[in-house]
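Here is the structure we will look at.
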Amino acid sequence: MFIGHFAVGFASKRFAPRAPLVLLLAAPLLSDLLWPFFLQFGWEHIRFVPGITRYNAFDLYDYPWSHSLLMGVVWATLFAAIYFAFSRYHAGAITIWIGVISHWILDWITHIPDMPLYPGGGPKLGLGLWNHVAATMIVEIVMFVVAFYLYWIATRTRDWIGTYACIAYAVVLLFLFVGARFSAQPESVKQIVVPGLITEAILLAWPAWFDHHRVLRTTST
Ligand SMILES: [Zn+2]
């Protein structure tokens with residue numbers, strides 16, 4: 001899943017309005033943020049098997065540190081605890097915790113059975129939405145559009161950056177998601193790690209920037 005994880009981050013603003021958007025996005029993205037590093041370090045592995053799902057060629061046979069349910073709980077608790085230590089904001093910490101866990105649940109719906117429960121073997125789960133290309137596209141796009149709208153109405157702009165940089169971000173994400181369907185699939189770890197890290201940096205710096213140019217719409221709650 002790709003923009004579906006961003007959807008969780010945008011929707012989170014409703015539940016933790018005082019938390020910065022960049023952290024609300026980083027939480028549901030955390031497993032995928034860690035993954036390129038762990039691939040690079042050789043702690044996790046991927047194979048490329050054309051046709052393994054209709055959606056992509058990823059044989060995700062070994063990624064328990066970024067993508068097991070148990071490690072999801074560990075990362076979620078760490079992230080939420082560190083956030084709470086700095087912010088003392090309960091709603092933010094709880095939303096971040098749920099956000100990190102949501103990654104496993106959404107990937108479990110999307111992936112074929114490759115999602116581990118814990119590192120070191122054990123059953124692997126996955127409902128395989130990726131075998132249905134149109135359904136994958138529709139589910140992720142609908143999730144994203146609804147969640148972006150929730151963020152949009154929970155906040156209001158202070159200036160043109162808050163309007164246009166925010167809209168442009170949503171458009172670019174949709175474009176990346178749809179565009180990936182019609183472009184060459186990565187075929188090596190290198191083609192995932194370097195573009196992955198660059199994309200991560202941009203896709204987090206950008207919302208950090210425009211979120212500063214938007215304020216909460218209501219002060220009554
Ligand atoms: Zn993932």
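Every heavy atom of this structure was used, including side-chain atoms; hydrogens, water molecules and symmetry mates were not. For ligands, and for the atoms within them, numbers begin at 1 and follow the listed sequence.
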| task | Check the surroundings of atom CH2 in Trp108: do more than 12 heavy atoms from other residues, nucleotides or ligands lie under 6.0 Å from it? | result | no
| message | Regarding Lys13 and Asp211, does a basic nitrogen lie under 4.0 Å from an acidic carboxylate oxygen? | response | yes
| query | Under 30°, 30 to 60°, or over 60°: which ring-plane class applies to His45 and Tyr61, parallel, tilted or perpendicular? | reply | parallel
| Cut-off under 2.8 Å, centre the Zn ion (ligand 1), protein N/O/S atoms | Asp32 OD1, His67 NE2, His103 NE2, Asp107 OD2
| query | So do Cys166 and Tyr151 actually touch side chain to side chain, heavy atoms under 4.5 Å? | reply | yes
| query | Relative to the ring of Phe144, is the ring of Phe10 parallel (under 30°), tilted (30 to 60°) or perpendicular (over 60°)? | reply | perpendicular
| query | Does any non-hydrogen side-chain atom of Arg181 lie less than 4.5 Å from one of Val133? | reply | yes
